[in-house]
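Just so it is clear, the model here is predicted, and its values are computed rather than measured. The chains referred to below are lettered A, B, ... by the order of the sequence lines, with proteins before strands, and numbering in each begins at 1.
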Amino acid sequence: MPEGHTIHRAARLQRRRFAGAVLQVDSPQGRFDAGARMLDGRELLGVDALGKHLFHRWEGDVSVHIHLGLFGKFKVFTDVGRAPAPSDGVRMRWRGDVGVMYLSGPTACEIIDPDAEEALRARIGPDPLAVRNGDADRVVTTLARRRAPIAQLLLDQAVVAGIGNVYRAEFCFLAGIDPRRPANEVSSDDALALWEMSIRLMTIGERIGRIVTVDPAEVGAAKPGDLVRGDRLYVYKRAGQPCRRCATPVRSAMLASRRVWWCPTCQPG
DNA sequence: GCTGCATGATGAA
DNA sequence: TCATCCTGCAGCA
């Protein structure tokens with residue numbers, strides 16, 4: 001499910017499997033009929049991701065913008081003959097010699113022109129999975145200037161791109177910061193630590209395809225991929241359960257209409 | 001079968 | 001801050 005690591009992983013896997021292939025494109029659901037007709041029979045040239053946005057580059061200078069939103073999913077089937085029938089909700093389908101891909105539930109699936117793409121990219125902040133020079137400074141500076149709760153800003157895609165509700169709660173835990181603390185009261189060292197852990201942990205998430213923030217050594221595992229469900233996160237959705245570090249019950253609250261979790265002892269206000 | 005919820009984001013008020 | 005859109009699935013009757 002879709003935080004930035006999911007999108008970047010999807011982009012990488014789609015690139016590997018489908019780039020260079022001529023694809024049959026349609027929209028079983030019908031809501032992308034016009035776009036699908038335009039793409040049908042073209043070669044997919046490339047796939048790239050920025051934050052939670054993904055772009056498909058097609059032969060003939062056509063780009064498609066995808067945003068999975070909360071519900072969107074890509075499903076890829078390697079064995080063309082054995083791909084299941086698409087569900088009613090499949091917005092876009094690809095079929096080719098190399099595989100089959102179904103996209104369902106996206107917030108956005110649209111042909112995008114260069115100007116619109118440029119405008120979109122301009123409002124996306126630094127992406128921990130696509131780091132550029134100056135990104136760390138930009139994030140630290142932005143956080144230092146804003147009074148909104150730190151956890152709220154970590155979800156703001158103009159501030160940092162790709163972090164979602166799971167990672168933001170986990171990063172605040174690992175930094176020892178109460179998620180409700182105003183961002184301008186977070187030290188620049190802590191802000192930098194948040195940025196650097198987002199790079200480290202989201203990179204792991206992109207590689208293994210799931211969110212793991214718990215240090216494997218803490219639960220006697222060798223690597224993040226070995227952690228079982230239930231051991232992978234410190235605070236997300238663990239309200240009332242004991243903190244893994246200090247046993248204090250994990251708390252939760254709504255923050256700008258999204259729920260956030262934290263340990264009141266490890267994350268003092 | 002129905003209800004509510006979920007790792008997201010937007011536009012109106 | 002609220003309503004709305006997007007889909008699938010767990011939990012319940």
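Across all strands shown, A:Arg31 has heavy atoms under 4.0 Å from sugar-phosphate atoms exclusively, and none from any base. Among the atoms of the strands shown, only primed sugar atoms or phosphate atoms (P, OP1, OP2) are found under 4.0 Å from some heavy atom of A:Gln29.
Listed here is the closest heavy atom pair of A:Tyr234 and A:Thr213: CE1-O, 3.4 Å.
The CG atom of A:Leu155 sits 9 Å away from the C1' atom of B:dG8 (whole-angstrom rounding). Atom pair A:Phe32:CZ and C:dC6:P shows a separation of 16 Å (rounding to whole Å applied). Distance A:Arg168 CZ to B:dT7 P: 9 Å, rounded to the nearest Å. Residue A:Leu70 contributes atom CG, which lies 18 Å from atom P of C:dA3 at whole-angstrom precision. At whole-Å resolution of the value, CD1 in A:Ile66 and C1' in B:dA9 are 16 Å apart. The distance between atom CZ of A:Phe74 and atom C1' of C:dT7, rounded to the nearest whole Å, is 15 Å. Rounded to whole Å, the distance from CE on A:Met254 to P on B:dG8 is 12 Å. Put simply, CG on A:Asp88 is 11 Å from C1' on C:dT7, counting in whole angstrom units.
Residue A:Tyr167 places no side-chain N or O under 4.0 Å from the OP1 or OP2 atom of B:dT7. At B:dG8, none of the side-chain N or O atoms of A:His67 fall inside 4.0 Å of OP1 or OP2 (strictly under the cut-off). At the phosphate of B:dT7, neither OP1 nor OP2 sits under 4.0 Å from any side-chain N or O atom of A:Arg259. At B:dA9, one or more side-chain N or O atoms of A:Lys52 fall inside 4.0 Å of OP1 or OP2 (strictly under the cut-off). A close approach under 4.0 Å does occur between a side-chain nitrogen or oxygen of A:Arg258 and OP1 or OP2 of B:dG8. At B:dG8, none of the side-chain N or O atoms of A:Gln157 fall inside 4.0 Å of OP1 or OP2 (strictly under the cut-off).
Under the 6.0 Å cut-off for aromatic ring centres, A:Tyr167 and A:His5 qualify, their centroids lying closer than that.
Base pairing annotation: B:dG11 forms a Watson-Crick or G-U wobble pair with C:dC2, both donor-acceptor distances under 3.5 Å.
Note on ring orientation: taking the six-membered ring where Trp is involved, the planes of A:Trp261 and A:Tyr236 are perpendicular (angle over 60°, cut-offs 30° and 60°).
Nucleotides C:dC6 and B:dG1 are separated by 24 Å at their P atoms, to the nearest Å. Taking the P atom of each, C:dC5 and B:dA13 are spaced 15 Å apart, rounded to whole Å. Across C:dC9 and B:dA9, the matching C1' atoms stand 22 Å from one another, rounded to whole Å.
Paired with A:Trp195 under the rule side-chain contact (heavy atoms from CB on, under 4.5 Å), one option of A:Val160, A:Val140, A:Asp190, A:Leu143 passes, and it is A:Val160.
Between A:Phe74 and A:Leu68, some side-chain heavy-atom pair lies under the 4.5 Å cut-off. Side-chain contact between A:His56 and A:Leu23: absent, with no pair of heavy atoms (C-beta onward) separated by less than 4.5 Å.
Checking A:Ser257 against A:Thr107, the closest nucleotide of DNA chain C that is more toward the 5' end is the one next to A:Ser257. Residue-to-nucleotide proximity on DNA chain B shows that, of A:Phe71 and A:Arg123, the 5′-proximal contact is made by A:Phe71.
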